[in-house]
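Only a predicted model underlies this, so the values are computations on that prediction, with no experimental measurement involved. Below, chains carry the letters A, B, ... as their sequence lines are ordered, and counting in each starts from 1.
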Amino acid sequence: MFPFVYDFRWEATSLIFLGVFFAVITTLMMMVATVTVRSVKDLRTRKIGTLRWHETFEDLPAGARSCRFAMSGFAPGRSCDNFFECGTCAVYPRFRSLEERHRPEDHESRSGHGGFGIDEKRYYHRGHTWLQEEEDGTCVIGLDDFAARLLGPNPTYQLPPAGSTLKQHQPAFTIQTGESSVRVVSPIDGEVLEAGDSTRGWLLRIRPSTQLPHARHLFRAGEARRWFQAELERLNRLVEIPGVGATLADGGTPVDSFRETRPDANWDGILGVMMLDV
Amino acid sequence: MDSKFITRGLERTSLRNFSVWVLFWVVVLGFGLYGAYLCLAEGLNQTNMDNRFVFGLWIFLDLAIIAFGAGAFFTGLLLYILKRSEFTAVINSAVVIGLICYSGAVAVLAIDVGQPLRAWFTFWHPNAHSMLTEVTFCISCYLVVLAVEYMPILLKNRKLKERPSLLVFQHNLHKVIPVLAAIGVFLSFFHQGSLGGLYGVLKGRPFAFREGFGIWPSTFFLFVLSAAAIGPSFPLLTTSLVSKISRKKLVKPEVLQSLGRISGWLLLAYVLFKSVDTLVWINRTSPSLLFSPYEYYNQESFGTWILFAEIVVFGLVPALMLLTRKIREHRGWLITAGLLACAGIAVNRFVMTIQTLALPTLPFDPFLSYIPSWQEIATFIAVIAYGVLLYSFSFRYLTLFPQERDLNSLTR
Amino acid sequence: MKSIEISPSQYVMVIDADRCTGCGACMVACAIENNVAPAHPDATDRTGVTWMKVVKVSSGNNGDGKPACYLPLPCQQCAAETPCVTVCPQNAVEVDQQTGIVFQMSQRCLGCRYCMAACPYHARYFNWWDPEWPEGMEQTLNPDVAPRMRGVVEKCNFCHGRYQAARASAAEHGQASSDPVTYEPACAQACPTRAIKFGTPANNEQGVGDLVHSSSAFRLLPRLGTEPRVYYLSKHKWIRQMAQMEKETSTGEEVHG
């Protein structure tokens with residue numbers, strides 16, 4: 001194997017063979033070394049939050065990753081490839097202007113859909129949270145109607161204390177319901193000012209780093225309505241909820257708690273898949 | 001109870017059912033390992049191999065499962081190098097199958113050699129002219145590659161990925177997977193070929209000897225091509241089998257059909273080259289060594305039917321089946337065709353190993369027969385049990401089929 | 001038929017098939033000389049170790065007065081494209097350029113048996129069992145030859161132990177180390193009919209230099225191009241044709257030594 005080993009053969013075939021072997025071994029070792037060095041660097045530079053979101057995003061089922069323009073019909077079948085960061089998405093401006101030209105009504109406010117309260121003042125995030133701007137410039141975060149029905153009665157919340165920093169798409173708080181717990185991602189960057197609870201109608205009061213109208217990744221009004229519809233369809237593929245079919249067809253009111261209608265379903269899994277916690 | 005370890009959105013059988021399944025295979029594994037232990041502790045006299053039938057069941061099955069394991073490298077080639085992104089659906093499963101096939105084959109080879117503790121001699125004093133040296137080097141390297149490829153799949157486990165260090169490592173490892181896949185393709189090309197070359201170079205065995213190009217006999221290229229041809233077929237079969245056992249839709253039917261179509265084209269090319277090779281061998285190679293090819297098939301067990309079965313029944317027929325859209329779109333026929341294709345490659349490996357050794361070389365030699373001993377069969381059963389166990393654990397706790405969550409409801 | 005001229009200073013063995021009576025003395029002498037352990041009780045014809053194997057070949061219908069012959073089969077010490085050398089993954093088989101002897105380094109052998117599959121003459125043997133000598137018999141072991149362990153391959157090496165001893169003694173007498181030495185392997189020495197002759201064509205011991213060129217000389221499977229250093233002699237055409245695969249095959253059976 002090495003020239004110093006007894007019976008080493010200085011012949012072309014041997015040298016080529018060993019050369020290729022050592023090249024392969026070196027490449028492999030270099031790769032593992034590079035991966036290790038990069039990992040240590042990533043751990044040190046605290047990029048772990050972003051990285052975890054990217055990994056979670058990659059792990060989402062394809063159905064959870066539809067592009068918003070796929071839902072609006074301008075990019076049929078398109079899957080998001082930018083971690084739901086519409087703010088840095090290359091195709092966003094193009095589809096957005098198309099959408100504005102052809103469907104201006106989408107951006108007008110309208111009341112709820114399918115029994116889901118859609119508040120025109122609110123901005124919706126794909127992790128089933130909403131944001132609402134208060135008069136004093138702060139924002140409140142709450143869980144949307146869909147999440148409430150998924151969670152069932154009396155979930156408990158573990159909310160971050162005032163002063164905590166929130167990062168967009170990174171865990172903001174956890175909810176415990178029954179045997180499962182699910183972490184909810186923050187819809188936006190910001191700083192926690194106050195923790196609320198369900199009785200006050202919101203869970204966190206924050207000071208966002210971006211003004212809401214500039215947060216392109218959030219849904220409003222007509223778009224939110226379409227997204228709710230898509231989410232309802234997605235849920236219905238995971239577990240057929242009695243009455244939801246009718247809801248989808250005629251816009252009727254779905255049941256108050258999805259959970260109670262189908263106790264036989266794997267609700268821990270459904271919760272994770274629907275709330276982007278996989 | 002173990003639901004915190006199962007990927008969210010996947011529905012798995014109860015821990016109790018799984019334990020029963022695992023227990024069964026652990027018992028089988030235990031029996032198999034006992035046979036393997038006897039071969040290691042008492043020596044190879046526990047087998048029915050002998051000075052003339054120097055290789056037996058083990059080498060045949062090693063060659064076959066290494067060909068079946070080609071799915072890992074070939075799916076990697078399609079996905080990472082030819083950018084056929086639809087195969088993301090099967091790559092994880094293919095990697096696990098590849099890892100099982102290769103680690104199993106290496107384990108059996110370690111028992112098959114008389115002095116396993118001297119295995120490092122091959123690395124220390126390599127003979128670059130030997131096909132077996134090449135096989136040893138390539139398979140060892142490729143096993144490392146497969147283990148590294150398995151890591152990101154393993155580290156994506158729901159519990160493991162909670163640890164930041166593992167998550168980050170997995171993330172960075174995943175980024176270099178295409179490089180690994182490329183190395184895997186390179187290594188696979190050479191060792192699949194060299195496994196064919198193992199027998200093709202044996203001029204002392206005119207039944208196996210083939211002329212070739214440069215230092216490689218034609219069997220080198222035929223083995224590469226045939227391994228590539230069933231590379232897509234074997235994942236097709238395993239996916240269908242797992243789907244049947246778990247009662248889950250694992251991938252979209254189009255993905256399997258696509259695998260079948262690629263398999264069909266490669267198999268057709270293989271059958272073509274194999275036929276040409278056989279004609280050259282019958283008309284030129286073998287007669288030039290004064291061996292009449294007629295004599296090979298004059299033996300009671302191996303008539304010309306085996307040649308016909310290998311090339312037509314298990315070669316041309318599945319190739320044409322896989323290339324017919326109507327047949328491909330019918331699930332049952334697709335699986336049948338995949339099964340025939342894999343059987344064909346197994347027959348080819350059988351012919352190259354067992355039939356080669358059974359046929360006489362010296363003019364006064366008799367035709368030999370060989371029946372494996374129970375220890376040999378047990379050792380192989382151990383590999384099967386090990387494979388089933390590793391796959392079962394991987395299937396339960398890892399995400400082998402990303403499309404599964406989109407294709408199944410989450411009801412019990 | 002084309003033939004590589006074997007270097008005159010390299011050893012050849014010439015076995016006269018017409019003289020061989022199939023007594024098996026060569027097999028016994030070989031086993032004793034080379035420390036081949038007595039066969040394990042479970043060993044069969046196909047799992048025992050015998051560097052020299054005598055095979056009986058019957059003529060079928062065309063024996064021209066000789067219904068059967070015996071062919072002692074040691075390693076043929078192939079001079080060209082030596083099949084076992086190229087296949088060994090760890091260079092455990094070597095051809096000594098000076099003597100032409102194909103040497104199996106059992107100490108380096110892994111026991112993969114690829115060389116056995118490659119050998120067209122089936123002259124290689126695997127140790128399926130641990131070598132064991134009955135109580136007291138280990139006293140008779142030849143100190144010049146290392147016994148082999150279980151799980152490795154071994155074969156005839158033209159009595160390498162005797163060769164080394166002959167060289168040592170020649171050196172003592174002042175002979176140059178490049179000159180071939182004269183010695184006789186155990187089988188040749190033991191043969192009661194002197195059917196086995198051994199030497200270098202250069203020294204022409206026992207006339208081997210002339211015998212290899214005689215019209216009755218032949219080698220096994222010459223078309224494989226392995227150029228064996230073991231020649232056979234027979235006046236019977238059927239034997240020569242059979243060995244060279246020029247005619248229909250006949251059946252053989254092993255002689256138990």
Side-chain angles (χ1 to χ4, degrees), chain B residues 42-55 59 109 112-137 198-199 201-206 208-209 288-292 295 353 356-357 360-366 368 370, chain C residues 40 42-49 55-58 71 73 81 83 85-92 108-114 116-122 124-130 149-153 220-226 242-253:
Chain B
E42 302 291 317
L44 293 176
N45 53 62
Q46 301 288 311
T47 70
N48 277 351
M49 292 187 282
D50 56 54
N51 291 328
R52 290 289 315 281
F53 237 110
V54 290
F55 301 140
I59 289 286
L109 281 173
D112 202 349
V113 298
Q115 287 292 337
L117 294 180
R118 293 180 172 184
W120 61 279
F121 285 16
T122 304
F123 292 91
W124 208 238
H125 306 287
N127 173 11
H129 301 276
S130 171
M131 287 286 169
L132 195 55
T133 310
E134 221 261 296
V135 168
T136 312
F137 274 68
L198 272 186
Y199 284 85
V201 296
L202 299 184
K203 213 171 177 186
R205 297 282 184 174
F209 179 71
S288 77
L289 299 174
L290 285 192
F291 280 79
S292 149
E295 303 268 333
T353 53
T356 298
L357 291 172
T361 311
L362 284 170
F364 40 82
D365 254 356
L368 298 177
Y370 148 90
Chain C
H40 188 275
D42 296 335
T44 65
D45 291 351
R46 281 160 60 179
T47 50
V49 176
V55 176
K56 181 184 179 187
V57 185
S58 60
L71 290 180
L73 290 174
E81 299 179 28
V85 172
T86 47
V87 299
C88 178
Q90 46 215 352
N91 288 318
R108 202 193 268 181
C109 175
L110 165 75
C112 71
R113 308 187 294 287
Y114 188 24
M116 299 173 75
C119 178
Y121 304 105
H122 313 309
R124 308 184 130 259
Y125 299 88
F126 184 73
N127 285 278
W128 300 94
W129 283 271
D130 280 304
M149 70 202 293
R150 183 183 90 196
V152 299
V153 174
L220 298 178
L221 302 179
R223 283 298 284 267
L224 296 184
T226 52
M242 174 274 299
Q244 304 186 63
M245 292 285 276
E246 282 167 355
K247 262 237 162 130
E248 269 187 40
T249 56
S250 358
T251 53
E253 60 183 83

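The candidate from B/T361, B/N51, B/D112 with the greatest count of non-hydrogen atom pairs under 4.5 Å with chain C is B/N51. Comparing B/L117, B/T136, B/L109, B/L202 by heavy-atom pairs within less than 4.5 Å of chain C, the highest count is held by B/L202. For the set C/A92, C/P120, C/A243, the count of heavy-atom pairs under 4.5 angstrom toward chain B peaks at C/P120. Ranked by non-hydrogen atom pairs under 4.5 Å with chain B, the options C/E81, C/M116, C/H122 are led by C/H122. Of the listed residues C/T47, C/N91, C/V49, C/D42, the one with more heavy-atom pairs under 4.5 angstrom with chain B than any other is C/N91. Among the candidates C/A118, C/A117, C/C119, the residue making the largest number of heavy-atom pairs closer than 4.5 Å to chain B is C/A117. Ranked by heavy-atom pairs under 4.5 Å with chain C, the first of B/K203, B/M131, B/R52 is B/R52.
In this structure, a donor-acceptor pair under 3.5 Å is present between the side chains of C/Q90 and B/T122. In this model, no donor atom of one side chain and acceptor atom of the other lie less than 3.5 Å apart for B/N45 and C/H40. With 3.5 Å as the limit, one finds no donor-acceptor pair spanning the side chains of C/W128 and B/D50.
Looking at B/V135, neither its backbone nor its side chain comes within 4.5 Å of chain C, counting heavy atoms on both sides. Of the atoms belonging to B/P206, it is side-chain heavy atoms, and not backbone ones, that fall under 4.5 Å from chain C. Contacts of B/L198 with chain C are made by both backbone and side-chain atoms, with heavy-atom separations under 4.5 Å. For C/L224, the parts sitting under 4.5 Å from any heavy atom of chain B are the backbone and the side chain alike. Using a 4.5 Å cut-off between heavy atoms, B/T356 makes no contact with chain C at all. Neither the backbone nor the side chain of C/V153 comes within less than 4.5 Å of any heavy atom of chain B. Both the backbone and the side chain of B/L132 come within less than 4.5 Å of a heavy atom in chain C. Looking at B/E42, only its backbone comes within 4.5 Å of chain C, counting heavy atoms on both sides.
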Could you walk me through whether C/M242 and C/L71 pass side chain to side chain contact (heavy atoms under 4.5 Å, CB included), step by step?
CA-CA 12 Å; C/M242 174 274 299; C/L71 290 180; 4.1 Å; yes
C/N127 and C/M149: CA distance, side-chain angles, deciding distance, side chain to side chain contact (heavy atoms under 4.5 Å, CB included) verdict:
CA-CA 7 Å; C/N127 285 278; C/M149 70 202 293; over 6 Å; no
Stepwise side chain to side chain contact (heavy atoms under 4.5 Å, CB included) check, B/L357 with B/R205
CA-CA 8 Å; B/L357 291 172; B/R205 297 282 184 174; 3.7 Å; yes
Report the C-alpha separation of C/M245 and C/L221 in whole Å, then their side-chain angles, then the decisive distance to 0.1 Å, and conclude whether the side chain to side chain contact (heavy atoms under 4.5 Å, CB included) test is met.
CA-CA 6 Å; C/M245 292 285 276; C/L221 302 179; 3.2 Å; yes
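Aromatic ring pairs are classed by plane angle as parallel below 30°, tilted from 30° to 60° and perpendicular above 60°; the pair B/F55 and B/Y199 is perpendicular.
Side-chain atoms of C/R150 do not come within 3.5 Å of backbone N or O of B/G114 as any donor-acceptor pair.
With contacts defined as side-chain heavy-atom distances shorter than 4.5 Å, the pair C/V87/C/Y114 qualifies.
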